[in-house]
Structures are given as C-alpha cells and as structure tokens.
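Written below as structure tokens is the structure these notes are about.
Residues take their numbers from the sequence shown, with the count starting at 1. In listed order, ligands and their atoms are each counted from 1.
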Amino acid sequence: MGDYDVLFEPVRIGPKVAPNRFYQVPHCNGLGHLRPAALAAMRGIKAEGGWGVVCTEEVEIHPTSDLSPYVEGRLWDDADVPGLRLMTDAVHEHGALAGIELTHAGLDSANDYSRLTPIGPRSEGVLGGGGFEPRQTRAMTKCDIADVRRWHRNAALRARDAGFDIVYCYAAHGLTLPMQMLSRRHNDRTDEYGGSLVNRVRFLREIIEDTRDAIGDDCAVAVRLAVDELLGPEGITHDGEATEIVGMLAELPDLWDVNVSGWSNDSATSRFAAEGHQEPYISFVKSLTSKPVVGVGRYTSPDAMVSAVRRGVLDLIGAARPSIADPHLPRKIREGNADRIRECIGCNICVATDPKSLPIRCTQNPTMGEEWRRGWHPERIEVRRSTAEVMVVGGGPAGLEAARALGERGHRVQLLEARTRLGGRVDREALLPGLAAWRRVVDWRLGEIGRLDGVELYPASPMSAEDVLDTGTRDVVVATGAVWRRDGRGRSTGRAIDGHGLPGVVTPDDLLDDLVAGAWSLTGERVVIYDDDHYVVGGLLAELLARRGHEVVLVTPAPLASYWTQYTLEQERIESRLRGLGVRIRTRETLAAIGPDHVVTTSVLDSAPTTLDRDHVVLVGDRAPVTDLHEELLPALSDGRLDSLRLVGDADAPGLIAHAVFAGHLAAREFGDEIDPDVVPFRRERFAAP
Ligand code: ADP
Ligand code: SF4
C-alpha cells in the first residue's frame, strides 16, 4: 500500500462514515426493479471488492416518474422495499455503505407504462422514452410540486427503512425535476420557482431540506449536481451558475456528488475523453463547501486517484465504469496488486445495454451481470475437475480469455497464435485513432497469464489440424477469429457487391495490415467507405483516411453514420468529428456496384442511383468466421482422437470484443461439463402471481 494509504482513509459523510475513499457512484445496469437478486449480487461483489460506498442506479420514486421501458430502480411504495433490502444487505455484509439515488425524472419520463401524465417545469415534449415521443408534459401546478416533495420525502423514509445509508437528491444529467427546474431551457415559470437563480434553485433546496428533515439524523443526504452541461451559455456552466448554486447550498447536504451533464458527457468514451477529464469542471466545488466531494473521471490508476485527493479536487474517488470492469479494484490496490487491476477500456458496452433494457455486461469483465444468474465471481473460478491439458488455438480476446480462465482453474494450457504478436483483432484495432486504451483487453490478460505457471504462449505458430493432432492433445479450444469479407456482402442486401474484385478495393484488414507494417498502400485520393457493419470500424477508418489527407465519402444503408454507436453514447461525437474532418456522409444508401473509377449507390428509400468517383473502396460488410481448422478437427472428435473441441469467439460468430471475451470465459467455465442444450443455462428471476 504505502503510497496509496490516503485512499484507505475513512471519510465522514453526515451521520455515516465511509470506510475508505472508493465510491461507486450510481450507475444503470438493466437489472433494477425487474431483477433484484441479480442486482444485489452484483452490488455485493463490489462491496466485497473494497468499494466503501456502493450506490443504486436512478430509483423512480413514483409512477409519474416511470422510466419504462428502461429498467431502473423503483421505490413507488412499501412493496418495493424488500427488493432493495436485498441490495443493502449484500452491501452491508462487507462493511460498505449503501447509497440510493432517488429520482423524479420529470420530463425525462414518458410514463409509457403507468400512463400517468408526465410533469415538468413547463409544458413541453418529453425527453424520455426514445427521446422523440409524441407527448408533452403538464406544467407542474403548485399542487404537483407539493406532491413531488411528499413523494420524495416518503421515498427517503422507505429508503432508510430499506437500509440505505446515503440518500440522494438528484439534480444531474438533465434527467430529473430538480435539474430541469434549475435549467433556463426548461424552466420559464413566472412563480417563485422560475426566473431568478434563487427561484430556480428553490425546488432543489426544498427537496434537500425535506430529505434532511425526514431522515437526516439516520442517513447522509447527498446532492448529485451537474456542474456543467457543456452547452456554453445555453446551459449550466461550472464558472457560471453552477458556482452560484453550490455557493447557495454549500453546507446543506452532507455530500456533493458532482459531474458534467448529459450522460454522454459524463460517460464519455476513451476515444473522446481521457482519465480525469472532468477535473477542470468539478475542481471548484471543494473551495465552496466543507462537505466531502465525490466526482468521476474513469479513474483506474491509483496514482491519478491519489493525485486528485492530494490536489484537493476530490475527497472520494467516484467510479461507475472502473468498478464494473474491476469490482475488486480497491482490494487490489490495498493488497499491493495495483498492476492486476482489470482496467476499464472506456468502450461503453456496459452503457449500451441500458437503452435496450438488458442486463449490464462489460468488455473487460465477462462476469458482470452474471453474478447471480450464472453464479460467476470476477475473481474466483471453480477449480478444475480433471487433469486435462487444453490447447487453445488463436490468441485474440476469445483465446486469451479462455487460456487465462482455464489456467486459473488449474489446467495446463498451451495457446498457439499464428501471428508474431498476441492479441488478435484487439492488437490491431487498438492502432485506430483513439482506441489505444482498448489494448488493455490484451495487456491485462497477458499480465495475468504471466502469473500462471501452467499457461504457455506460443506466438508465430500457425496450426493445421495435423499439427494440433500431432501434439497428442485431447482437448482443443478453437479461437481462430474472423476476417472481413472481400466481397462486401452484408446484412442490407445479402449480395456480393459487383466489381468487388477490381483494383483499389480493400477491406479493413488490409488497412490494419498497413497500420501494423507502418506502410500505407492507398495511393489515390478519393476513397468511398461502405459501412454495412454499423459499429466503430467504418467510422474509424473514415477518420483515419481523412486525417491522412484522403477525400472520404462514407456510405451506409443506416439512417446514421456508425448507427450502433448511439448505444455507446458516441454517435453524435463520431459524426461531428467526421464532418469536421470533411468526410461526406451519405446515409440510407447501399453500394450496388463498383466500377474501375466510380461506384454506384442505391437509395434504400426509392432505389434512386447515384454515381460517386473513387480511387479506392473500403468494404466494411460482414466478417467471415475462420472455421477451417475447426472443421478439419471435427472428424477427430467423432473418432475419439479428441475428447473435446469447442469453437469460440469471432470464429463461431463475429461480434463485439465483449462477445469474444465472454465466449472464451464461458468455454473455460464449462470445460469438462456435460452441457445439456435443452436446459436453460442460467437462473431467471420470476415472480409469484399476486
Ligand atoms: P476473437 O475475437 O474471437 O478472439 P481474433 O480475430 O481477435 O478473434 O483472434 C483470432 C486469432 O487467431 C488471430 O490472431 C489469428 O491470427 C489466430 N489464428 C487464426 N487461425 C489460426 C491458426 N490456424 N493457428 C494459429 N492461430 C490462428
Ligand atoms: Fe469499461 Fe467498457 Fe467495461 Fe464499460 S464495458 S466498464 S467502458 S471496459
């Protein structure tokens, strides 16, 4: 420990004492009120891993704050208390404090499930649901305001009874009534809640006072405040109204939890924001209050954490994503194993499932969200049941994770990789602009494997079926990955693109080869990128090529460039960056044909053709799984020369890095088990009929 002792100092928060400075701030997870046992198990493991405070996600306090279809926390009445009690018990078991983020979402709740009238500072289109729901709020009457205050107070009492230690008054992310009342964009009221800043702060002040009055002797009262919306004069700014707001309320709460708004700014990906990126916005807060301050900034380095404390920026190191990627991060620092932290890569796959109402998952931590339903623990894995030695072919994320986890189980493992460098697609994709942090997927696994006596790595070892069988191995995991299709076939037309064999037509693999080699084979100026993949690669190549001086047109059948990155909160940033670099974006067009110096696109709306000049074309369609080794080994499984053979990762079905890591991990967990395909492979939470 030594240098990091300061991180393990207790911090008083009102009537409570946090055992250390590690603070898991509220974060969504798609488990929420529908999956309380899964939620409790996930939060409990963080407390076990040393987080001194573990909070919920946003917790709706009333059916007029119904965030459906998103699965958040819910504390509408007493019947919701037992579900939340599961979480506080799990957190308290390990000596941590439990925090709850009480939320009235105001105009962010479309109330699609409850069908009650949404309310907000004024009558305006709701921002909740899909963001463009055809419904408006009712401008809150005085009666509504009194109701919300009473609902918040009642929720605080129920939160206390559910065992929570810290109760939030939430005015951040644009997601709640107290923040919407602060905002000049949403609050045009002419009563005592509108107009001057003192008036706009009134509602938040009342909510804090009500909460203190209700439970302030028993629980700490926290305020979560957005101190900058990154909208300039249109919004709250850290050196403008936020300074005045914190000044007005400085000593009222027991804790300030401060961040930038909205969610895409707060949870910016590593491609767009570095560790500690919020410091310039939040550092003023401590100068205005004697109360402890918590803030986030994707801190994964204990040195950066200590520095933030020593420089007086923060008292408590807030983390959502670093605690998701490594629920045992504090324990590792405490035990002198900071180099074993499974560092968050800042990809936001954990965020991406929330808008889909699905349980959380994580690229780095394949056990996230699986703690209860599969009984997985991020740091413990069942010891092997046999002495089998396993061969893993392919050293990408799937193969590395399979080898690591099998090694943890105590198996002897040989991993063979054709390339001279390990890491597969991650080793290569991390060379794309802004993706350097993604290398942590490989680095962490190599570091862990280095500590395991039984796992041997053999780069530069392309394996044929004969090579594999000659070794006498009886158990093989095939993780041979995938390659981008040369014919551009993708989901939108299902057809190979005419002319794909012409000179100047390349795939992402060709360009990644160039990056690895430090050479650049595209000599012409005009490049058309056809993106029928819709995640990051098409947009990243557009950025790379534009930065290298090419004239780039990005064509996609989707309505937006890099469509799926909406779920990782990146789409607007990506599109704005591409436009800033001069990339021309053509949406809702498929690539019909490639000619020697042009391409023809077709509108998905009316089939209208467009001809674009080109020197090069980059085809980002489907990927082809590399399955030949697996296919050639299958007869050996049938005739008994192999005991087991498993295809995992992109070789099985190309997808995200998170899918590959999960598949490798699952293969290791299930190794040696008889898997019955007719049995649901995990537990589900089901409700008894009322
Ligand atoms: P995944 O995401 O499923 O891990 P990757 O494409 O990242 O897949 O990694 C697959 C790795 O397998 C690549 O590094 C590739 O070089 C390697 N590979 C493919 N075929 C063979 C083979 N026959 N022998 C050894 N390594 C192979
Ligand atoms: Fe970090 Fe990505 Fe895991 Fe989220 S999914 S915690 S951003 S590594």
Side-chain angles (χ1 to χ4, degrees), residues 27-29 267-271 273 298 300 319-327 329 342-354 360-369 378 391-403 414-430 437-438 440-442 444-445 457-468 476-484 509 512 516 567-570 623-633 647-664 667:
H27 72 75
C28 299
N29 52 79
S267 290
T269 56
S270 58
R271 189 172 163 189
R298 226 176 51 253
T300 57
R321 291 171 294 174
S323 75
I324 293 166
D326 197 339
L329 178 151
R342 197 185 308 103
E343 284 185 289
C344 167
I345 70 169
C347 61
N348 278 5
I349 292 303
C350 53
V351 168
T353 39
D354 186 63
I360 188 168
R361 58 213 57 183
C362 168
T363 301
Q364 275 284 55
N365 174 12
T367 69
M368 178 48 51
M391 174 176 287
V392 177
V393 184
L400 285 174
E401 176 60 15
Q414 290 187 317
L415 181 145
L416 300 110
E417 161 58 49
R419 292 200 176 96
T420 52
R421 288 172 60 93
L422 290 156
R425 59 181 289 197
V426 176
D427 182 56
R428 295 152 61 78
E429 289 171 15
W438 288 27
R440 293 170 173 182
V441 172
V442 178
W444 181 76
R445 290 180 169 76
L457 303 175
Y458 298 96
S461 305
M463 299 296 283
S464 65
E466 207 181 339
D467 295 335
V468 171
V476 184
V477 175
V478 177
T480 43
V483 293
W484 292 94
D509 286 321
L512 290 167
V516 171
Y567 300 114
T568 55
L569 309 178
E570 294 172 293
R623 282 178 284 158
V626 176
T627 53
D628 21 340
L629 179 66
H630 181 254
E631 280 157 25
E632 286 160 22
L633 286 171
L647 183 67
V648 299
D650 288 319
D652 183 29
L656 298 169
I657 296 166
H659 291 126
V661 171
F662 180 83

Under a 4.0 Å heavy-atom limit, does Ala660 contact ligand 1 with its side chain, its backbone, both, or neither? side chain
Considering non-hydrogen atoms of the protein only, which is the closest contact for atom 3 (Fe) of ligand 2, and what is the distance? Cys362 SG, 2.3 Å
Just let me know how Ala663 lines up against ligand 1, side chain, backbone, both or neither, with a heavy-atom cut-off below 4.0 Å. neither
Identify the closest protein heavy atom to atom 2 (Fe) of ligand 2: which residue and atom is it, and at what distance? Cys347 SG, 2.4 Å
Of all protein heavy atoms, the one nearest atom 21 (C) of ligand 1 is Thr480 CG2, 3.6 Å
Can you tell me which portion of Pro397 lies within the under-4.0 Å heavy-atom range of ligand 1? Options are side chain, backbone, both, or neither. both
Closest protein heavy atom (residue, atom, distance) for atom 13 (C) of ligand 1: Glu417 OE1, 3.4 Å
With no hydrogens and no angle check, is any side-chain donor or acceptor of Glu417 less than 3.5 Å from a backbone partner on Gly395? yes
So which bit of Ala482 gets within less than 4.0 Å of ligand 1, heavy atoms only: side chain, backbone, both or neither? backbone
Residue Gly649 vicinity, atoms of ligand 1 by number, heavy atom under 4.0 Å: 3 (O)
Where ligand 1 meets Leu416 - atom numbers and elements under 4.0 angstrom, heavy-atom basis: 25 (C), 26 (N)
Verdict with supporting geometry, Arg421 and Arg428, side-chain contact (heavy atoms from CB on, under 4.5 Å): CA-CA 10 Å; Arg421 288 172 60 93; Arg428 295 152 61 78; over 6 Å; no
Identity of the nearest option to atom 10 (C) of ligand 1, non-hydrogen atoms only, from Pro462, Ala479, Gly424: Ala479
Go through it in stages, so that I can follow the logic: the residues are Gln414 and Val392, the test is side-chain contact (heavy atoms from CB on, under 4.5 Å), and I'd like the CA-CA distance, side-chain angles, deciding distance and then a yes or no. CA-CA 6 Å; Gln414 290 187 317; Val392 177; over 6 Å; no
Can you tell me the protein heavy atom closest to atom 4 (O) of ligand 1 and the distance? Ala398 N, 2.9 Å
Candidates Leu422, Leu415, Asp650; heavy atom nearest atom 1 (P) of ligand 1 found on Asp650
Could you tell me whether any N, O or S atom belonging to Cys350 is less than 2.8 Å from atom 4 (Fe) of ligand 2? yes
Would you tell me which option among Gly481, Gly394, Ala418 has the nearest heavy-atom contact to atom 6 (O) of ligand 1? Gly481
For ligand 1, which atoms have a heavy atom of Ser461 less than 4.0 angstrom away? 24 (N), 25 (C)
Considering only non-hydrogen protein atoms, determine which one is nearest to atom 7 (O) of ligand 1 and report residue, atom name and distance to 0.1 Å. Arg425 N, 2.7 Å
Looking only at protein heavy atoms, identify the closest one to atom 23 (N) of ligand 1 and say how far it is in Å. Met463 O, 2.9 Å
Among protein heavy atoms, which sits nearest to atom 9 (O) of ligand 1, and what does the distance come to when rounded to 0.1 Å? Gly396 CA, 3.4 Å
